[in-house]
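One structure below.
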Number of protein chains: 2
Amino acid sequence: MANPQCRLCGLKSPAAKLLSSSELETLELNCAQINFKKGDVIFREGSLATNIAYLKSGLVKIHMKGPTGDKILRLMKAPSYLGLPTTFGDKVNHYSATALIDSHICFISLDTFRDFIFKNGSFAYEIILELCRNELADYQKYTNMSQKQLPGRLAEILLCMSHELYKTNKFELPLNINELSDFISTSRESVSRMLSEFSKEGIIAINKKELTILKEDMLEKISLKG
Amino acid sequence: MANPQCRLCGLKSPAAKLLSSSELETLELNCAQINFKKGDVIFREGSLATNIAYLKSGLVKIHMKGPTGDKILRLMKAPSYLGLPTTFGDKVNHYSATALIDSHICFISLDTFRDFIFKNGSFAYEIILELCRNELADYQKYTNMSQKQLPGRLAEILLCMSHELYKTNKFELPLNINELSDFISTSRESVSRMLSEFSKEGIIAINKKELTILKEDMLEKISLKG
DNA sequence: TCTATTATGTGATAAATGTCACATTCTCCC
DNA sequence: GGGAGAATGTGACATTTATCACATAATAGA
């Protein structure tokens with residue numbers, strides 16, 4: 001746990017950039033930065049939601065227990081608030097957040113954060129925008145994932161990682177096969193087989209955890225056709 | 001189009017109840033009520049999002065074009081804001097809203113609504129709460145729907161209609177078979193078959209559009225086990 | 001009322017995916 | 001470096017669901 005310096009922080013959220021310097025001072029007094037290692041749980045489904053979690057740096061999976069096992073709902077890259085809906089929406093967390101790589105989280109007192117919403121309209125509006133954009137993205141992904149078959153779903157998340165997360169065609173997979181299957185709601189074996197198939201067809205190459213997209217256009221086609 | 005009387009309106013949203021009387025006056029001047037018949041499109045995917053839509057009474061489906069056809073994302077019952085995320089999140093609507101029964105919608109000027117957020121913290125907070133609760137519910141449903149098989153998915157939405165929408169075991173189905181299949185992401189034929197099966201087993205009874213849940217415990221069991 | 005159109009029910013079959021079993025490989029820790 | 005446990009690859013088979021084809025029923029207009 002470190003004493004953060006919110007005023008000087010270069011990784012402020014768009015909302016926090018709209019806070020006055022006295023508000024930032026308040027934030028600083030009601031905020032604690034904690035560093036998580038890969039695999040650490042940041043907050044857990046079923047436990048009390050007592051703080052706002054702000055992902056200052058790192059990568060996190062949001063996941064929830066489903067009828068047949070874990071379901072990964074989304075990956076969150078920094079900078080981003082992690083569980084606004086589960087913190088405001090209910091007293092108890094409805095889902096968990098787990099670090100996929102070493103990550104820095106600032107926990108902000110709920111009362112302080114709420115106070116900013118009440119007293120700083122720009123801050124509130126920025127939070128609303130973030131919530132809205134997230135929902136739009138979620139709906140789009142939900143629709144795609146529910147209508148595409150396995151090859152399309154897998155292609156989509158590989159492309160998503162390449163485009164949204166890493167901005168390159170060659171990257172280290174942040175999820176293992178099991179997690180990939182939790183993400184696209186299928187079995188571990190099916191993911192394994194499909195990745196082999198993509199490899200055989202020269203669409204991707206996998207070396208340990210490192211994935212290279214060789215034929216992006218093919219992957220796009222597979223993703224689109226479902 | 002009617003001239004609404006927001007100040008006297010008995011169907012105010014939780015957020016609107018927090019507006020001052022002068023704010024309500026402003027709302028009244030920047031708001032128009034329009035009545036939609038069953039099947040009418042309230043706003044359409046791809047068109048400009050220019051107003052906030054508040055569902056004062058009625059029932060609406062939120063739906064989006066997916067890779068293989070229409071996907072119903074959720075049913076919205078009154079009272080509720082309809083497309084906050086698609087209105088704030090982007091200039092263009094990412095999904096459509098269509099009336100399932102005759103519905104009264106108040107369209108509110110976006111600028112006016114935004115002004116309330118900026119100037120009335122309680123209002124903003126209430127909007128944030130609504131967005132957060134929606135996301136929680138969506139995540140839960142998304143997880144369930146992606147992990148359950150067809151019988152479980154169908155059982156779930158029937159129970160949902162019974163519990164959340166109508167609060168009775170006997171109700172008129174608001175969706176036809178095709179829409180049901182768009183909702184649970186399967187084929188029309190599969191829904192038809194599964195409803196027949198539920199009927200044969202005495203779990204439900206269907207008479208035209210009227211559905212009666214006869215063995216709620218059985219339906220719960222089917223929904224839970226996936 | 002009649003008819004065209006749309007919605008629904010159902011069998012036969014194909015396709016996709018899950019499940020089980022087991023071999024192999026990787027990784028972490030001593 | 002070696003071994004235990006976890007992660008991954010892959011074949012065989014079972015299960016689920018989609019698809020096609022067509023019959024029947026409901027509904028909206030003329």
Side-chain angles (χ1 to χ4, degrees), chain A residues 37-40 61 66-72 98 100-101 145-158 172-201 204-211 222-223 225-226, chain B residues 37-40 61 66-72 100 145-158 172-201 204-211 222-223 225-226:
Chain A
K37 291 200 185 311
K38 179 178 175 175
D40 288 348
K61 67 171 174 177
T68 64
D70 216 41
K71 165 74 185 174
I72 296 183
T98 302
L100 293 172
I101 58 176
M145 288 290 163
S146 67
Q147 289 191 347
K148 289 178 184 176
Q149 315 199 129
L150 208 146
R153 299 208 298 277
L154 184 56
E156 178 171 329
I157 62 164
L158 293 181
E172 185 128 330
L173 274 173
L175 303 174
N176 63 28
I177 305 268
N178 232 308
E179 290 173 313
L180 285 174
S181 73
D182 289 340
F183 201 7
I184 63 178
S185 304
T186 185
S187 66
R188 175 188 73 74
E189 292 94 327
S190 294
V191 172
S192 180
R193 261 186 268 269
M194 200 54 63
L195 285 174
S196 297
E197 216 166 298
F198 285 174
S199 289
K200 266 180 217 151
E201 291 170 22
I204 61 170
I206 301 187
N207 186 349
K208 310 250 177 178
K209 286 268 165 201
E210 190 185 78
L211 184 137
I222 292 169
S223 171
K225 85 150 187 260
Chain B
K37 290 202 187 309
K38 179 178 176 176
D40 287 349
K61 68 170 172 177
T68 64
D70 216 40
K71 165 76 187 174
I72 296 183
L100 293 172
M145 288 289 162
S146 67
Q147 290 193 346
K148 288 179 186 177
Q149 314 200 132
L150 209 149
R153 299 209 297 279
L154 183 57
E156 177 171 330
I157 62 163
L158 294 181
E172 186 127 330
L173 275 172
L175 303 173
N176 64 27
I177 306 268
N178 232 307
E179 289 173 314
L180 285 175
S181 74
D182 289 340
F183 201 6
I184 62 178
S185 302
T186 185
S187 66
R188 175 189 72 73
E189 293 94 325
S190 295
V191 172
S192 181
R193 260 185 269 269
M194 200 54 64
L195 284 175
S196 297
E197 217 166 298
F198 286 174
S199 289
K200 267 181 216 150
E201 292 171 21
I204 61 172
I206 302 186
N207 186 350
K208 311 251 177 178
K209 286 268 165 200
E210 190 185 77
L211 183 136
I222 293 168
S223 170
K225 86 153 186 257

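Numbered from 1 within each chain, the chains take letters A, B, ... in sequence-line order.
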Nearest heavy-atom neighbours spanning A:I72 and A:E179 = CD1-O, 3.5 Å
N/O (side chain, A:S192) to phosphate O (OP1/OP2, D:dT10) under 4.0 Å | no
d(CD, B:Q149; P, D:dA14) in whole Å | 17 Å
Side chain of B:R193 (C-beta onward), nearest among C:dT17, D:dG9, D:dC20 | D:dC20
Please report the shortest heavy-atom distance between B:K38 and B:L100, naming the atom on each side.
-> CG-O, 3.2 Å
Hey, is the side chain of A:R153 pairing donor to acceptor with the base of C:dT17 inside 3.5 Å?
-> no
Expressed in angstrom and rounded to an integer, what is the separation of A:E197 atom CD from C:dA16 atom C1'?
-> 12 Å
Expressed in angstrom and rounded to an integer, what is the separation of B:D182 atom CG from C:dT8 atom P?
-> 12 Å
For A:I222 against A:A155, the heavy-atom pair lying closest together | CG2-CB, 3.9 Å
Would you say B:Q147's side chain and A:G69's backbone share a donor-acceptor pair under 3.5 angstrom?
-> yes
Just compare C:dG9, D:dT19, D:dT10 and give me whichever is closest to any side-chain atom of B:I177.
-> C:dG9
Indicate whether OP1 or OP2 belonging to D:dT8 is found under 4.0 Å from a side-chain N or O atom of A:K209.
-> yes
Is a donor-acceptor contact shorter than 3.5 angstrom present between the side chain of A:R188 and the base of C:dT17?
-> no
Heavy-atom donor-acceptor pair, A:R188 side chain to A:N178 backbone, under 3.5 Å | no
Residue whose closest nucleotide on DNA chain C lies nearer the 5' end, B:S196 versus A:E189 | B:S196
Starting at NZ of B:K200 and ending at P of C:dG9, how long is that distance when rounded to a whole Å?
-> 11 Å
Side-chain N,O (A:S190) to OP1/OP2 (C:dG18) below 4.0 Å | yes
Between D:dA18 (P) and B:L154 (CG): distance, integer Å | 12 Å
Can you check the A:N176 CG to D:dG9 C1' distance for me, whole Å?
-> 14 Å
Which nucleotide in the set C:dT27, D:dA18, C:dT17 lies at the smallest distance from any side-chain heavy atom of A:T186?
-> C:dT17
Name the nucleic acid region contacted by A:S187, choosing base, sugar-phosphate or nothing; use a 4.0 angstrom heavy-atom cut-off, strictly under.
-> base
Between C:dC26 atom P and A:N178 atom CG, what is the distance in whole Å?
-> 18 Å
B:I206 CD1 to C:dT8 P: how many Å, rounded?
-> 10 Å
